[in-house]
There are 2 protein chains.
Amino acid sequence: MTAGGSDTGQVRRQERGRRRMAQILDAAEDAIAEVGFEEATTNAIAARAGVSPGSLYQFFRNKDEILDGIVERYTATSREFWDRQLSGEAARMDLGDFIERVLGALATFKTERPAFWVLFHGSAASPKLGEVADRIRAGIGDRLREVFRQRAPEVSEERLELLASVTISTVRGVLPMVMEAPPERRAALIAEAKALLLGYLGPAVGPERREGRAEATGEAPR
Amino acid sequence: MTAGGSDTGQVRRQERGRRRMAQILDAAEDAIAEVGFEEATTNAIAARAGVSPGSLYQFFRNKDEILDGIVERYTATSREFWDRQLSGEAARMDLGDFIERVLGALATFKTERPAFWVLFHGSAASPKLGEVADRIRAGIGDRLREVFRQRAPEVSEERLELLASVTISTVRGVLPMVMEAPPERRAALIAEAKALLLGYLGPAVGPERREGRAEATGEAPR
DNA sequence: ACAAAATACGAGCGTTTGCTCGCGTTGGTC
DNA sequence: GACCAACGCGAGCAAACGCTCGTATTTTGT
């Protein structure tokens, strides 16, 4: 009898099994990134992972559960990434440097994990992936708002919310353009995106905000 | 015998037939907008259009050709829209007014034709739709660049290209946020988007640009 | 050493999907 | 009014899909 299921905890997974699960998730990730979720057949995923269809269903009760597995891995990876990018340090950096660092890190991350990129920004994913991506973005929004709040405590909460939302949407719109461009053009596009965001965020949360717009370097009025 | 096919020109369509084709395209548009292209079954589309599967295939050789029909209609509608928005007049307007008008028109258009919206910006469409949308955006980019060129003839061609690309990507990123927000919040979000674009475009193609500026969005001397 | 559980296989099931086919109806043309 | 193309129907075919099942092998616990 099959003893399937993955997170029901009813199966004592062996080392071999955990390896297989990772193999299958890798294969599924690639397949879905290539042709979309509905079009990635379970048999094809199994074949790509070097596993029989029967074995696949030993670890995942159905196709949706494979997607759940991918989502779980992505959520964890994403959290790590944004923990690094939006740490306390981010509130103390120069705004331009901050923007540049995040955009750069985002670009290299998407380059290194193209499957994640296609999965969550592409147009061939699935409604479920869309929802997860929305939730993740909401979390990023909260953290970004916190960074802004620390940078500019005098700004109202509603404005902070607007700033964070617009910033995320902008990055979301601009990043595909950067990623689809030939690599030698990326630097110029990132610089342009930086200018765009700097012009928008600078007056609100940058050092040059308000009273006399000092050109100063290294001041912390508070 | 069936005499199918749509654009092969081998069939003398009657008035009744052309009406049926429009019915089918309407139904297909709605169905695809709801569940995505692959998941919208031909039988369901036929039923929604009040037509038998056999009749559907009288007008469209296969499922892809239905998509072609939708694309054709959208392309025409889109061209009309952008003809209005990016006419010669656009080069003579105040930059802020121009941005506001386009954003507003875009928002109302997407509200009135939700199917188009989901089809071309949603994540449940199809690779083919993606390609078409890319081509359309390229066309919009050309026209926008032309508007910018008329507004600021002294700006280099490469810079104009960057400005147009970044502008389109930004709008593409910001618009979903506006559309998904509750209607009473849209005005605030559009105002915010306007500020974002004005800050970026103003120094380059706005009336407030100055010849002597060496800072900010660095202009390459030549 | 031995039983039980976990892992592995792949042919093939039941269902769904895009599409066909045979046949009947409507409408334009002479 | 006779003829023929265009229009219309819907049962059902062939292919593809997600998934199962009987069975064989490997690992773990004792």
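Numbers restart at 1 for each chain; the letters A, B, ... are given by sequence-line order, proteins then strands.
Per the geometry, CD belonging to A:Gln58 stands 16 Å off P belonging to D:dA24, to the nearest Å. A straight line from CZ of A:Arg19 to C1' of C:dT7 spans 12 Å, rounded to a whole angstrom. Atom P of nucleotide D:dC7 and atom OH of B:Tyr57 are separated by 18 Å, given to the nearest angstrom. When the P atom of C:dT17 is taken as reference, atom CD of B:Glu39 falls 10 Å away, rounded to whole Å. In this structure, A:Lys63 atom NZ and C:dT15 atom P are separated by 19 Å, rounded to whole Å. A straight line from CZ of B:Phe37 to C1' of C:dG18 spans 11 Å, rounded to a whole angstrom. Here C:dG18 presents its C1' atom at 15 Å from CZ of B:Phe60, a figure rounded to the nearest Å. When rounded to the nearest whole Å, the span between CD of B:Glu38 and P of C:dC19 equals 11 Å.
The phosphate of D:dC7 has OP1 or OP2 within less than 4.0 Å of a side-chain N or O from B:Arg13. Residue B:Arg20 places at least one side-chain N or O closer than 4.0 Å to OP1 or OP2 of D:dG8. Between B:Arg16 and C:dT25 there is no side-chain polar atom (N or O) within less than 4.0 angstrom of OP1 or OP2. Note on A:Ser52: every side-chain N or O is 4.0 Å or more away from OP1 and OP2 of C:dG10. Dashed line: the shortest gap from a side-chain N or O of A:Thr42 to OP1 or OP2 of D:dC19 is not under 4.0 Å. A:Ser55 has a side-chain polar atom (N or O) that falls below the 4.0 Å cut-off from OP1 or OP2 of C:dC9.
Using modelled atom types, one finds a donor on one side chain and an acceptor on the other under 3.5 Å when comparing A:Glu161 with A:Ser165.
Remark: A:Asn62 engages A:Asp64, A:Glu65 in a side chain to side chain contact (heavy atoms under 4.5 Å, CB included) (not counting sequence neighbours). Judged as a side chain to side chain contact (heavy atoms under 4.5 Å, CB included), and not counting sequence neighbours, the contacts of A:Arg143 are A:Asp83, A:Leu86.
Donor-acceptor pairing under 3.5 Å, judged by distance alone, is present between the side chain of A:Asn43 and the base of D:dC19.
Comparing C:dA6, D:dG10, C:dC9 against the side chain of A:Val51 picks out C:dC9 as the nearest. Of the candidates D:dT28, C:dT7, C:dG10, the closest approach to any side-chain atom of A:Pro53 belongs to C:dG10.
As judged by a 4.0 angstrom heavy-atom cut-off over every strand, B:Ala40 is placed among residues touching the sugar-phosphate backbone only.
With rounding to the nearest 0.5 angstrom, the CZ atom of A:Arg145 is 9.5 Å from the CD1 atom of A:Ile168.
Heavy-atom nearest nucleotides on DNA chain D were determined for B:Gly17 and for A:Glu15, and the one closer to the 5' end corresponds to B:Gly17. Sequence order on DNA chain C of the closest nucleotides to B:Gln14 and A:Gly54 puts A:Gly54 first from the 5' end.
Salt-bridge annotation for B:Glu192 and A:Arg159: present, with a side-chain N of the basic residue lying under 4.0 Å from a carboxylate O of the acidic one.
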